[in-house]
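Since the structure comes first, as structure tokens, the remarks are kept for the end.
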Amino acid sequence: QLQASGGGLVQAGGSLTLSCAASRRTSSNNAMGWFRQAPGKEREFVAAVSWNGGTTLYADFVKGRFTISREYGKSTVYLRMNSLNPEDTAIYYCAAARGSYSGRDSSQYQYWGQGTLVTVSS
């Protein structure tokens with residue numbers, strides 16, 4: 001239902017853009033989010049965007065480096081990541097929320113993609 005792509009290997013300081021395409025089962029009226037899970041760590045919230053793209057929410061560690069966006073009326077969501085550092089290395093998952101707005105709690109999300117690996121070398 002959710003297909004994440006765009007991960008890869010990048011040097012510290014570099015950039016990547018992740019994409020998440022949703023199937024028709026995922027409504028364009030649902031908020032979308034990105035989470036990540038680093039080796040040996042729990043999954044953590046990265047960013048979320050409301051159904052119309054008008055409201056965004058970020059984890060503190062993003063610190064203005066990442067930008068989440070979506071095309072209005074569509075379920076495709078993007079995560080532009082700049083100034084990457086090795087601590088950003090993780091599998092990044094996109095998720096579709098139950099409602100039109102969502103937050104940091106993973107329980108608010110009902111559909112999950114398979115994840116895309118981001119590796120940042122020092």
For Leu117 and Ala90, which heavy atoms make the closest approach, and how far apart are they? CD1-O, 3.6 Å
Do Trp34 and Tyr93 make a side-chain contact, defined as non-hydrogen atoms from C-beta onward lying under 4.5 Å apart? no
Can you tell me which residue among Val10, Val118, Val120, Val46 is in a side chain to side chain contact (heavy atoms under 4.5 Å, CB included) with Met81? Val118
CG/Leu16 to CG/Leu84 distance, rounded to the nearest 0.5 angstrom? 5.5 Å
Begin with the C-alpha distance, continue with both residues' side-chain angles, and end with the deciding distance and a verdict on side-chain hydrogen bond (donor to acceptor under 3.5 Å, both in side chains) for Asn82 and Ser15. CA-CA 4 Å; Asn82 297 324; Ser15 299; 2.8 Å; yes
Same apolar cluster (I L V M F W Y, side chains within < 4.5 Å links), Phe45/Val62: no
Does any part of the side chain of Arg98, heavy atoms only, come nearer than 4.5 Å to the side chain of Gln108, both counted from C-beta? no
Measure across Val49 and Val77 and return the closest heavy-atom pair with its distance rounded to 0.1 Å. CG1-CG2, 3.8 Å
Any side-chain heavy atom of Leu57 within less than 4.5 Å of one from Arg104? yes
Quick one: CG on Leu18 to CZ on Arg80, what's the gap to the nearest 0.5 Å? 10.0 Å
What one should report as the nearest heavy-atom pair of Asn29 and Ser100 is O-OG, 3.0 Å
Thr119 side-chain N/O to Leu9 backbone N/O, donor-acceptor pair under 3.5 Å: no
Is it true that a side-chain atom of Thr116 and a backbone atom of Ser5 form a donor plus acceptor pair closer than 3.5 Å? no
I'd like to know if the side chain of Tyr78 pairs up with that of Glu71 as donor and acceptor (distance under 3.5 Å, no hydrogens or angles considered). yes
In Å, rounded to the nearest 0.5 Å, how long is the span from CZ of Phe66 to OG1 of Thr56? 14.0 Å
Value for CD (Glu44) from CZ (Phe61), rounded to nearest 0.5 Å, stands at 4.0 Å
Give a yes or no on whether the ring-centroid distance for Tyr109 and Phe35 is below 6.0 angstrom. yes
Would you say Thr76 and Arg70 make side-chain contact, with heavy atoms under 4.5 Å? no
Tyr58 six-ring centre to Arg65 NZ/CZ under 6.0 Å and within 45° of normal: no
cation_pi(Arg43, Trp112) dist<6.0 Å, angle<=45: yes
Provide the closest heavy-atom pair for Ala38 versus Thr89 in the form atom of the first, atom of the second, distance. CB-O, 3.5 Å
I need the minimum non-hydrogen distance between Ser122 and Ala12, along with the two atoms involved. CA-CB, 4.3 Å
Nearest heavy atoms of Ala4 and Cys94, plus distance in Å: CB-SG, 4.1 Å
To the nearest 0.5 angstrom, please state how far the CD1 atom of Ile91 sits from the CZ atom of Arg36. 12.5 Å
